[in-house]
Amino acid sequence: MAATNNPLAQVAGSSSAPEASRLTLTVAGLKVDVYGLSELPAAASKVSCLWLHNPRLRRKEDMADIADQILSAYHAQGSSTRGLIAVAFDQRNHGTRLVDEVANDAWREGNRTHAQDMFGTITGAVVDTIHLLDAIEGYLFDAGHGHGGKPDGGTRHIDHNLVLGVSLGGHSAWQLLFAEPRVTAGVMVIGCPDYMTLMSDRARLSRLETFSSQDNGASFLGSKDFPNALINACKKYDPKGILFGTKDIINPIPPEDQERIRPLLDSRVARKRFQVLSGGVDKLVPYKASAPFLTLLKHAAATWYKDGGIYVEDNIYQSAGHMFSDDMRSDAVRFVLDSVALQDGGKELTPSKI
């Protein structure tokens, strides 16, 4: 397998936060790392759960550093009524689930089905998270007698779910927010909500024969490198595909498009919180691939869909490449803590960076 950039390498082990407790369990057939279970306040009956999605070619263990940083900051606040845990599992064909190294490679590394393979991993992470959402509470709390049960035998319940994903995990975090009503806030780190645009640009950079500069890549979609079955999957699962299919987003969108997509926004993202962290010089997942969709979402949140109650924070770190930088991490911690505080009617702890 060819080497690739590790977006966590720049910060691996750099956090001074103390390590949170970690318990590894087999939950409904998947190995899962649960952080912060031992630190749950004795009186806490309500628990927020942060789902962590790892980058391509990384493992669930690589998410330990950001889990420690977020949980340490939360514990420093001293909440006694709500607990926070973080849960990581290996993306499909990664870590303990690796079955084919080539399937994780890109076009440049000889993997002809790169687009299909990566999309399958992304949608698989969404399905796996939903599967675990249904099951994990029974493993952790078990009517007061699980690994994280209350000392007095009382019940605990996960009533709030968030997601944080990096790179590949950022793509799956986007899809999860559009797929699962129980996940109401997400941090998308160097991820993209528009898979067709992202991969068309990657095909151009990879100089695939199926990408033609004469039609600006229009014929790439539906080619052998991005077949029609994958287009249909994008229309079903990917945020931009769900709202617009293969059509380009022309901002500002006309009133007829506003009317058409309003029911989709109502059913999928109303009242949800989005934080997008992008590298200004990221060449692997360039901001330009996400820009039309983010412009749409931010404009909708501020104008014609203001009643939908969505919050969109779009941060670009101008000197950052394909990485989860220290500044990104600090903003992610703040956003997660704010989202948890708002769950119980609290206020944001620090000003948002827009």
Side-chain angles (χ1 to χ4, degrees), residues 106-107 111-127 167-168 170-179 188 190-269 274 276 278 282-301 304-305 310 312 314:
W107 285 309
N111 180 16
R112 296 181 178 180
T113 55
H114 171 47
Q116 299 96 306
D117 290 336
M118 190 164 75
F119 194 81
T121 303
I122 293 166
T123 56
V126 175
V127 171
S167 191
L168 174 73
H171 309 330
S172 56
W174 267 114
Q175 290 197 13
L176 181 63
L177 278 168
F178 269 71
M188 280 64 71
I190 51 178
C192 184
D194 184 350
Y195 194 74
M196 287 182 280
T197 295
L198 174 67
M199 298 308 283
S200 293
D201 186 65
R202 191 170 297 182
R204 176 184 63 84
L205 294 174
S206 300
R207 299 183 178 181
L208 296 187
E209 63 179 19
T210 50
F211 185 94
S212 172
S213 58
Q214 294 180 349
D215 62 7
N216 197 30
S219 58
F220 171 70
L221 298 180
S223 72
K224 65 180 181 180
D225 292 316
F226 206 103
N228 287 324
L230 183 53
I231 294 174
N232 291 334
C234 288
K235 292 178 179 179
K236 186 175 181 180
Y237 299 114
D238 203 51
K240 185 267 181 179
I242 290 169
L243 299 185
F244 290 93
T246 58
K247 290 174 52 180
D248 290 336
I249 301 174
I250 307 299
N251 286 298
I253 64 170
E256 55 268 27
D257 272 348
Q258 296 176 16
E259 183 178 353
R260 179 183 60 80
I261 70 174
R262 173 178 281 275
L264 293 170
L265 296 177
D266 284 342
S267 64
R268 292 177 178 270
V269 298
F274 299 79
V276 183
S278 305
D282 187 346
K283 295 181 180 179
L284 187 63
V285 184
Y287 181 78
K288 67 179 182 180
S290 301
F293 188 87
L294 287 172
T295 298
L296 158 72
L297 203 60
K298 290 185 292 184
H299 183 257
W304 59 269
Y305 195 64
I310 59 174
V312 185
D314 182 16

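The figures here come from the full heavy-atom set of this structure, side chains too, leaving out hydrogens, waters and symmetry mates.
- Between Trp107 and His114, the ring planes lie perpendicular to each other; the angle is over 60°, past the 30° to 60° tilted range.
- Here the closest non-hydrogen pair linking Cys192 and His171 is N-ND1, 3.0 Å.
- For the atom pair OG1 (Thr295) and CD1 (Ile249), the distance works out to 8.5 Å, reported to the nearest 0.5 Å.
- Here Asn111 contributes atom CG and Asp117 contributes atom CG; the two are 4.5 Å apart, rounded to the nearest 0.5 Å.
- The two residues Leu243 and Leu265 make their nearest non-hydrogen contact at CD1-CD2, 4.1 Å.
- One side chain, Asp314 or Tyr287, offers a donor N or O that lies under 3.5 Å from an acceptor on the other.
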*Check against side chain to side chain contact (heavy atoms under 4.5 Å, CB included), Asp201 and Arg204*: CA-CA 5 Å; Asp201 186 65; Arg204 176 184 63 84; 2.8 Å; yes
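- In this structure, Gln214 places its CD atom where only 12 or fewer heavy-atom neighbours from other residues, nucleotides or ligands lie under 6.0 Å away.
- The pair Arg112-Asp225 does not meet the salt-bridge criterion, since no charged nitrogen lies less than 4.0 angstrom from a carboxylate oxygen.
- Across every non-hydrogen atom of Phe220 and Met199, the tightest pair is CE2-O, 3.9 Å.
- Within a 6.0 Å radius of CG in Asn251, other residues, nucleotides and ligands contribute more than 12 heavy atoms.
- Atom NZ of Lys298 sits about 6.0 Å away from atom CG of Leu294, to the nearest 0.5 Å.
- Note that CG of Leu230 and NZ of Lys235 are 11.5 Å apart. Values are rounded to the nearest 0.5 Å.
- The backbone N or O of Ser219 lies less than 3.5 Å from a partner atom in the side chain of Asp215, making a donor-acceptor pair.
- Nearest heavy atoms, Ile242 versus Leu264: O-CD1, 3.8 Å.
- Residues Trp174 and Phe293 bring their aromatic ring centres within 6.0 Å.
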*Checking side chain to side chain contact (heavy atoms under 4.5 Å, CB included) for the pair Phe274/Val269: CA distance, chi angles, key distance, verdict?*
CA-CA 10 Å; Phe274 299 79; Val269 298; 3.7 Å; yes
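- Checked by atom type and distance alone, the side chain of Lys240 pairs as donor or acceptor with a backbone atom of Gly245 at under 3.5 Å.
- In this structure, Arg260 and Phe244 have side chains that are in contact, with non-hydrogen atoms separated by less than 4.5 Å.
- Using modelled atom types, one side-chain atom of Tyr305 and one backbone atom of Asp266 make a donor-acceptor pair closer than 3.5 Å.
- If you take OG on Ser167 and CE on Met188, they are separated by 14.0 Å, rounding to the nearest 0.5 Å.
- The structure places SG of Cys234 at 7.5 Å from CD of Gln175, a figure rounded to the nearest 0.5 Å.
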*Going through the checks in order, is the side chain to side chain contact (heavy atoms under 4.5 Å, CB included) test met by Trp304 and Ile253?*
CA-CA 11 Å; Trp304 59 269; Ile253 64 170; 3.7 Å; yes
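- Smallest separation of non-hydrogen atoms from Ala289 and Asp194: O-CB, 3.8 Å.
- Using modelled atom types, one side-chain atom of Tyr195 and one backbone atom of Phe119 make a donor-acceptor pair closer than 3.5 Å.
- Side chains of Met118 and Leu168 form a contact here, defined as non-hydrogen atoms less than 4.5 Å apart.
- When all heavy atoms are compared, the tightest approach of Gly191 to Ser290 is O-OG, 3.7 Å.
- You'll find the side chain of Pro286 reaches within 4.5 Å of the side chain of Leu198, heavy atoms only.
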*Determine, stepwise, if the pair Arg202 / Phe211 fulfils side chain to side chain contact (heavy atoms under 4.5 Å, CB included).*
CA-CA 10 Å; Arg202 191 170 297 182; Phe211 185 94; over 6 Å; no
